> 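Below is a structure I'd like to ask you about.
Heads up: numbering here begins at 1 and tracks the sequence. What you see is a predicted model, and the numbers here were worked out from it, not measured in a lab.
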Amino acid sequence: MAELTSTKLNAEQHLLLDQPLLRMPYEISRKNFKAAQRYVEREQTHVLKELKTTTTAAASSATDATATLANIDTMLNRMNGLKRKLEALHSEETTIHKATRARIQHLDNLYAIGSLADVKYEEWSKVRLDRLLVDYLLRSGYGDSAKVLAREKGIEELVDVEAFVQCDRVAESLRNGRCQEALGWCGDNKQGLKKLESNLEYELRLQQYVEMVRSGDTKKLMDATLHARKHLAAHQDKSFAIRAAGLLAFPPETPHEPYRSLYSPERWQHLSELFIKTHNTLYSLPPRPLLHIALSAGLSALKTPSCHSAYASSSSNATNTTTSVCPICSTELNELARNVPYAHHTKSHVENDPVVLPTGRIYGRERLLEMNEKMGTQQGYVKDPMVPNQIYEEAQIKKVFIS
């Protein structure tokens, strides 16, 4: 019964790591719907206004037929433009629905697997590992490699390559000292950013203002003042606009804060990081790569104090017999897992009559004596199986009491 319980697959726990799989297409679909709604409302208002004006003019014979036909052609052109925009959004929406269907099917396959020992679970896990690798490559800026991996593994519908590529493109433009792409993205996601109460657009507008003031040109300074009145004065925090106004009194080489930081070239890197953080928050994505989260959870589940013991380390003790068995003790993962918390076990399995050796290791007394007998240890002495080159008197063994 215990073995059956340990191998039973709990799909709900597995899916804790896969929430972004469905959240991302949902958020993109919602954004497209809002964009379509905005296009329709804008064009509807304009066309109805023009139609009413044209109808009134035609009825009163104030204009000739040529002008009326020209107005009608203008309205038709606007409606054709609207049609093209909606068709593009519809095509993207169809792609999103297809990807969502594939993702739901991928997650549903997990519920059809009853045991961790099932070969189907191994296949499903490999697909998830491929997804995590693509996610890691995308977040690290290797968009082309991510595309190739997704195509080779046939998981293009299970990853959001284009969304991350666009994010990386905008972040790179900020690092190169350009705000236009980021401001365009803010315009496309205006409602979502407003709901998040994000300061990203204000920070970008402030950077534009800083660059105008940095030049020191009189005309630029006047443009900067108009820019601040238009884009910065509406900020809820009045100190934001006051701080911006203070830049007019301080040159770029000033040592005084906060103006020194505002003039600093490092601010572009700050804006890039702020954009990535806002992008991930808007699309409900974790701040760290999913691969890091999965690896941290796996390392923590396996880690024990002995994995980083000064007496038994895979890097310092060549006789350590656990090197080939314990992943945490391996050379590749030992340092990586050093700062990861130890596993939290709700059940304790302790051998009878536990004792502790001077090395700090705990064994059951019967098991310890049995292992020493097999190692041929002299009567009255014991060895730690993990440090066989050290020998201790039996009197040095101390009984352990669990409290």
> Rounded at 0.5 Å granularity, tell me how far CD in Gln207 sits from CZ in Arg267.
5.0 Å

> Ignoring hydrogens and angles, tell me if any N or O in the side chain of Gln396 forms a donor-acceptor pair with the backbone of Glu393 under 3.5 Å.
yes

> Take atom OH of Tyr263 as the centre, draw a 6.0 Å sphere, and report whether it contains more than 12 heavy atoms from other residues, nucleotides or ligands.
yes

> Compare every heavy atom of Pro25 with every heavy atom of Ile96, then report the nearest pair and how far apart it is.
CG2-O, 3.6 Å

> Salt bridge between Asp160 and Arg103, side-chain N to carboxylate O under 4.0 Å?
yes

> How many angstroms lie between CZ in Arg128 and CG in Leu158, if you round to the nearest 0.5 Å?
13.0 Å

> After noting the C-alpha distance and the side-chain angles of Arg175 and Glu172, does the key distance pass the salt bridge (charged side-chain N to carboxylate O under 4.0 Å, His left out) rule?
CA-CA 5 Å; Arg175 288 191 288 269; Glu172 182 64 24; 2.8 Å; yes

> Report the C-alpha separation of Val47 and Leu82 in whole Å, then their side-chain angles, then the decisive distance to 0.1 Å, and conclude whether the side-chain contact (heavy atoms from CB on, under 4.5 Å) test is met.
CA-CA 11 Å; Val47 169; Leu82 174 62; over 6 Å; no

> Tell me, do Glu162 and Lys147 make a side-chain contact under 4.5 Å, heavy atoms counted?
yes

> Using a strict threshold of under 4.0 Å (side-chain N to carboxylate O), is an ion pair present between Arg214 and Glu211?
yes

> Between Tyr283 and Pro20, is there a donor-acceptor pair closer than 3.5 Å when you use the side chain of the first and the backbone of the second?
no

> Please verify the inter-ring angle class for Trp124 with Tyr121; under 30° counts as parallel, over 60° as perpendicular, anything in between as tilted.
parallel

> Going through the distances and angles, do Gln166 and Arg169 end up as a side-chain hydrogen bond (donor to acceptor under 3.5 Å, both in side chains)?
CA-CA 5 Å; Gln166 181 190 16; Arg169 186 185 306 120; over 6 Å; no

> If you count heavy atoms of other groups shown closer than 6.0 angstrom to CZ of Arg30, is the number above 12?
yes

> Can you measure from CG (Leu86) to OG (Ser91) and round to the nearest 0.5 angstrom?
12.5 Å

> Go through it in stages, so that I can follow the logic: the residues are Leu133 and Lys153, the test is side-chain contact (heavy atoms from CB on, under 4.5 Å), and I'd like the CA-CA distance, side-chain angles, deciding distance and then a yes or no.
CA-CA 11 Å; Leu133 290 173; Lys153 298 297 183 179; over 6 Å; no

> Measuring from atom CD of Glu43 to atom NE2 of His46, what distance do you get when rounded to the nearest 0.5 angstrom?
7.5 Å

> Show your reasoning for whether side-chain contact (heavy atoms from CB on, under 4.5 Å) applies to Val382 and Ile391.
CA-CA 6 Å; Val382 293; Ile391 187 169; over 6 Å; no

> Give a yes or no answer on whether the side chain of Asp168 reaches the backbone of Phe164 with a donor-acceptor pair at less than 3.5 Å.
no

> If you look at every heavy atom in Ala294 and Leu132, which pair is closest and at what distance?
CB-CD1, 4.0 Å

> Do Ile276 and Pro287 have side chains that approach each other closer than 4.5 Å (heavy atoms only, starting at C-beta)?
no

> Heavy-atom distance under 4.5 Å between the side chains of Val170 and His279, does that happen here?
no

> With a 4.5 Å heavy-atom cut-off, do Glu201 and Leu193 have their side chains touching?
no

> Step through the shown structure and confirm whether more than 12 heavy atoms of other residues, nucleotides or ligands are within 6.0 Å of OH on Tyr111.
yes

> Are there more than 12 heavy atoms of other residues, nucleotides or ligands under 6.0 Å from atom NE2 of His90?
no

> Run the side-chain contact (heavy atoms from CB on, under 4.5 Å) test on Arg288 and Ser296 for me, step by step, so that the C-alpha distance in whole Å, both residues' side-chain angles and the decisive distance to 0.1 Å come before the verdict.
CA-CA 11 Å; Arg288 294 193 301 157; Ser296 298; 3.8 Å; yes

> Around atom NZ of Lys85, are there more than 12 heavy atoms from other residues, nucleotides or ligands closer than 6.0 Å?
yes

> At their closest point, which heavy atom of Asn280 faces which heavy atom of Pro286, and how far apart are they?
ND2-O, 4.2 Å

> Lys398 and side chain to side chain contact (heavy atoms under 4.5 Å, CB included): which partner among Val355, Leu357, Ile362, Val356?
Val356

> Could you check whether any side-chain heavy atom of Tyr209 comes within less than 4.5 Å of a side-chain heavy atom of His231, counting everything from C-beta outward?
no

> Indicate whether any N or O donor in one side chain lies under 3.5 Å from an N or O acceptor in the other, for Asn372 and Tyr381.
no

> Rounded to the nearest 0.5 Å, how far apart are OG1 of Thr100 and CE of Met24?
11.5 Å

> As a test of understanding, state which of Glu93, Glu92, Lys34 forms a side-chain hydrogen bond (donor to acceptor under 3.5 Å, both in side chains) with Ser29.
Glu93

> Could Lys31 and Asp188 be called an ion pair, given the rule that one side-chain N must be under 4.0 Å from one carboxylate O?
no

> Taking all atoms of both residues into account, what is the closest heavy-atom pair of Cys167 and Phe275, and its distance?
O-CE2, 3.4 Å

> Looking at Glu197, I want to see if its CD is surrounded by more than 12 non-hydrogen atoms of other residues, nucleotides or ligands under 6.0 Å.
no

> More than 12 heavy atoms of other residues, nucleotides or ligands under 6.0 Å from NZ of Lys399: yes or no?
yes

> Inspect the surroundings of CD in Glu87 and state if more than 12 heavy atoms from other residues, nucleotides or ligands are less than 6.0 Å away.
yes

> Could you check whether any side-chain heavy atom of Phe250 comes within less than 4.5 Å of a side-chain heavy atom of Val213, counting everything from C-beta outward?
no

> Can you check whether Met222 reaches Lys219 side chain to side chain, under 4.5 Å on heavy atoms?
no

> Can Glu157 and Arg101 be counted as an ion pair, charged N to O under 4.0 angstrom?
no

> Charged N to carboxylate O under 4.0 angstrom, Glu257 versus Arg260?
yes

> Is Arg139 salt-bridged to Asp135, going by a charged N under 4.0 Å from an acidic O?
yes

> Does Thr254 use its side chain to pair, donor to acceptor, with the backbone of His256 at less than 3.5 Å?
yes

> Considering non-hydrogen atoms only, spot the tightest contact between Leu174 and Ser272 and give its length.
CD1-CA, 3.9 Å

> Are side-chain heavy atoms of Trp185 and Leu282 found at a separation under 4.5 Å?
yes

> To the nearest 0.5 Å, tell me how far Asp353 CG sits from Glu366 CD.
9.0 Å

> Quick one: closest heavy-atom pair of Gly143 and Leu138, and the distance?
CA-CD2, 4.2 Å

> Ion pair present between Glu123 and Lys120, side-chain N to carboxylate O less than 4.0 angstrom?
no

